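All values reported here derive from a predicted model rather than from experimental measurement.
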Amino acid sequence: MLDFFISPALAQDGAAAGGGIAQIVMLVGFVLIFYFLLWRPQAKRAKQHKQLIAGLSKGDEIVIGGGLMGRISKVSEDGEFLSMEISEGTEVNVQKNAVAAVLPKGTLKSI
């Protein structure tokens, strides 16, 4: 009576035995794609940013994450904060982690 709702494939015995290996290969493929396209490049950027932060010193010209540019006038003793001169006589305290890039010397001539 309701036989048209039952799929004929369910009645067949001996499903494909190689399906398990194909699924494992697909899973390994997805893990490799995830590693090479997402995790590895992000780890490389984090390592480069950590090296950039470690190399900051007084007189470096920097850009912070918000786009503010200035020259480092002082680095705190604990090494977590720095003072950045953004114009003549105007200093801003920022965290070192906020530094996005170090500019080439002479970029900020007006300060």
Side-chain angles (χ1 to χ4, degrees):
M1 168 162 123
L2 297 174
D3 290 338
F4 60 91
F5 286 121
I6 300 173
S7 173
L10 293 177
Q12 295 178 357
D13 284 333
I21 294 173
Q23 289 177 346
I24 291 173
V25 169
M26 289 279 285
L27 181 63
V28 170
F30 284 132
V31 168
L32 288 175
I33 289 170
F34 178 78
Y35 174 76
F36 283 109
L37 293 180
L38 296 173
W39 189 78
R40 189 170 173 233
Q42 181 62 30
K44 186 177 178 182
R45 279 191 295 271
K47 183 179 177 182
Q48 287 173 344
H49 189 255
K50 188 180 272 190
Q51 289 173 347
L52 174 99
I53 300 268
L56 292 176
S57 62
K58 182 178 177 180
D60 286 345
E61 297 175 356
I62 59 172
V63 176
I64 62 171
L68 198 60
M69 299 188 315
R71 187 174 290 120
I72 298 175
S73 59
K74 183 175 71 171
V75 179
S76 67
E77 292 81 27
D78 63 358
E80 192 168 328
F81 295 94
L82 53 88
S83 293
M84 181 173 79
E85 185 179 15
I86 57 175
S87 68
E88 196 70 35
T90 306
E91 289 191 4
V92 177
N93 294 327
V94 296
Q95 287 184 328
K96 273 189 167 182
N97 287 335
V99 176
V102 176
L103 300 171
K105 295 285 185 186
T107 303
L108 305 174
K109 297 178 184 177
S110 63
I111 296 179

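Residues satisfying the side chain to side chain donor-acceptor pair (under 3.5 Å) test with Gln95, not counting sequence neighbours, are none. Evaluation of the side-chain contact (heavy atoms from CB on, under 4.5 Å) rule for Ser57 yields Asp60 as partners, not counting sequence neighbours. Residues satisfying the side-chain contact (heavy atoms from CB on, under 4.5 Å) criterion with Asp78, sequence neighbours excluded, are Ser76, Glu80, Phe81.
Atom CD of Glu61 and atom NZ of Lys105 lie 6.5 Å apart (nearest 0.5 Å). Here CD1 of Ile64 is found 4.5 Å from CE of Met84. Values are rounded to the nearest 0.5 Å.
Between the side chain of Ser73 and the backbone N or O of Ser83, at least one donor-acceptor pair lies under 3.5 Å.
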Only pairs under 3.5 Å count here: list side-chain donor-acceptor contacts from residues 25-52, not counting sequence neighbours, and write none if there are none.
residue : atom : partner : partner atom : Å
Gln42   : OE1  : Arg45   : NH2          : 3.0
His49   : NE2  : Val99   : O            : 2.8

- Given side-chain contact (heavy atoms from CB on, under 4.5 Å), test Ile62 with Leu82 step by step and report yes or no. CA-CA 11 Å; Ile62 59 172; Leu82 53 88; 4.0 Å; yes
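Of all the heavy atoms in Ala100 and Gly65, the pair that sits closest is CB-N, 4.1 Å. When every heavy atom of Arg71 is checked against every heavy atom of Leu108, the shortest pair comes out as NH2-O, 2.8 Å.
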